[in-house]
There are 2 protein chains.
Amino acid sequence: MGTIAKALQLLSHFSNNQPEIGLSRFVQITGDDKATVHRRLRELRDSGFLHQDPVSRAYRLGPAISRLEIVKESSFPARRAAIETIRTLNREVSETAHVSVIQGNVGLSTIAYVDDLSHGIRVHVDVNEILPYHATASGLVTLAFMEDQQVDDILKQGLNKYTADTQTELPQLRANLRQIRNSGYSRSQGGFELDVVGIAVPLFDHRKKCAGAVAVAAPSSRLTDDVQRSILPNLKIAANAINESWQGLT
Amino acid sequence: MGTIAKALQLLSHFSNNQPEIGLSRFVQITGDDKATVHRRLRELRDSGFLHQDPVSRAYRLGPAISRLEIVKESSFPARRAAIETIRTLNREVSETAHVSVIQGNVGLSTIAYVDDLSHGIRVHVDVNEILPYHATASGLVTLAFMEDQQVDDILKQGLNKYTADTQTELPQLRANLRQIRNSGYSRSQGGFELDVVGIAVPLFDHRKKCAGAVAVAAPSSRLTDDVQRSILPNLKIAANAINESWQGLT
DNA sequence: AACTGGTGGTTCGAATAATGAACCAACTAT
DNA sequence: ATAGTTGGTTCATTATTCGAACCACCAGTT
């Protein structure tokens, strides 16, 4: 990994739970030397990707992010399209829904989500973090529809065990992927976050290559087989809508 | 400038007019060696900041941008707040309005804008580019309310002459800044884009430090003194609203 | 007042990673 | 075939990143 990637990885440590991070905390997280981390943070700050509080000296995500997002969305409004459709999806199924896209071989990056508000108990996965391929419904379904070469590269990296239920056995996983490809959707039960069930359907880009997934997540207690069956058609409709609106963005 | 900053600068070449850029074009723009540029692009791609079209091999802004923007806005919803208020501002004054924030010493980064739709002829500045301090209304008003030390650093870098009307004489500029600080607003006539007049009012962060500006831009033909006077109060109301909503985001 | 442990930040020799001229490979048009 | 594109790679040279040790500051303890 080059210097650039290492620096950019610092940005991925920000989340809802941790919107501001100081130098020492960064050192603690990354394990790198303080001087090194500091130099990287300074360059990110000077480029506008971080904003440093003048008083507390802590860092948070900077204005350059917003600016680039505007450029991105005004030329390829992928996110806007996704948000619209998962809003209606959420209204129909009354559960948390999100759209995530492939981000290299590390996992899926969530670009839109709608938290369910109708239930008292609801899933609160922090979608601001990268979703691993092998432990989430979205990840599994993208793996299933991905090119074999890339699947091999990803599985070669090793399978992190997030919970007791995370599937880390390669043969079973490969069988699971075949089954997912046949059925057209994936289901994951507590592999990433305990008691959370996810159902996901693949998304494709303009060249029919798998680009990501739409998923619904819910507490396992609420997601009976019947409910699941009722959600699936809605998921597929949402996926079609997003696929269609993404075709124009070549 | 370090390697990280050089790589990140590649991202700033994307704009509405140029949403996709290939390797050769990047080499042409930057003047760096092809191998160097390619390595930087690859790292940005692998980190998710660029997406490479599998067919055309051209690069465009990637999903990591959207992800970070979500994290940023869900912890510090600065942009959302800004968008709301400039929408009403736009309805009231019927001209293009935008909010830009300080991005280091290079200029201002626009984080929200509303294009005016009521007039046939309207300003179309590409707000996706960095606004220079000395040549725009937003830039001038932030300079006027910025700390002297930083002002000196910025003016030291030299003043680019964008149009025949760009003010590049230091003494006049400094006098102009004093006058702006007294009046509380700035006005710029065709200094960055010909025939465009801008009026801007400063924004402050939680420590009362100048953080950016709200501005209205219009064709000079339409912006008579009377119209200008009528716009000012609306601008100040908008600035107050944004300032207030930003206070909580320390 | 000195000590302790916590911030953020800097220095400079040593180690490492970025650099760029030359080179492929594929495609298009002449 | 030739010449001019495109994107991408190699490898010896060079310049940059790296990191142990350092400073300055602040808050609470002894």
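These values consider heavy atoms only, across backbone and side chains, with no hydrogens, waters or symmetry-generated copies. Lettering follows sequence order; numbering is per chain, from 1.
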Between the first and last five pairs of the helix from C:dA1-D:dT30 to C:dT30-D:dA1, the angle of the axes, rounded to 10 degrees: 20°
- prompt: Which pairs, with at least one residue in residues 7-49 of chain A and sequence neighbours excluded, count as a ring-ring contact (aromatic ring centres under 6.0 Å, His included)?
  reply: A:F14-A:F26
field: Separation of C:dG9 C1' from A:L41 CG (nearest whole Å)
entry: 11 Å
field: Listed partners of B:H134 passing ring-ring contact (aromatic ring centres under 6.0 Å, His included), at least two apart
entry: B:Y162
- line: Taken in chain and number order and not counting sequence neighbours, the residues that satisfy side chain to side chain donor-acceptor pair (under 3.5 Å) with B:T30 are none
task: Kindly write out the residues that satisfy side chain to side chain donor-acceptor pair (under 3.5 Å) with A:S138, not counting sequence neighbours, or none if the list is empty.
output: none
task: Compare all side-chain heavy atoms of A:D46 with those of A:Q52 and state whether any distance is below 4.5 angstrom.
output: no
query: Given C:dG8, is OP1 or OP2 found less than 4.0 Å from the side-chain N or O atoms of A:H38?
result: no
Salt bridge (Lys or Arg N to Asp or Glu O under 4.0 Å) contacts touching residues 64-83 of chain B (sequence neighbours left out): B:E69-B:R79
task: For A:D32, enumerate each residue passing the salt bridge (charged side-chain N to carboxylate O under 4.0 Å, His left out) test, keeping only those at least two apart in sequence or located in another chain.
output: A:R40
statement: Its contact letters, B for base, S for sugar-phosphate only and - for none at protein heavy atoms under 4.0 Å, make nucleotides 14-28 of chain C read ---SSBBB-------
query: With A:R181, which residues qualify under side chain to side chain donor-acceptor pair (under 3.5 Å), at least two apart?
result: none
message: Regarding B:F26, tell me which of base, sugar-phosphate or nothing describes its non-hydrogen contacts under 4.0 Å with the strands shown.
response: nothing
- line: Taken in chain and number order and not counting sequence neighbours, the residues that satisfy ring-ring contact (aromatic ring centres under 6.0 Å, His included) with B:Y185 are none
- request: Please name all residues satisfying salt bridge (charged side-chain N to carboxylate O under 4.0 Å, His left out) with A:D148, sequence neighbours left out, ordered by chain then number.
  value: none
task: Could you tell me from which nucleotide to which nucleotide of DNA chain D, 5' to 3', there is an atom under 4.0 Å from chain A heavy atoms?
output: D:dT17 to D:dA20
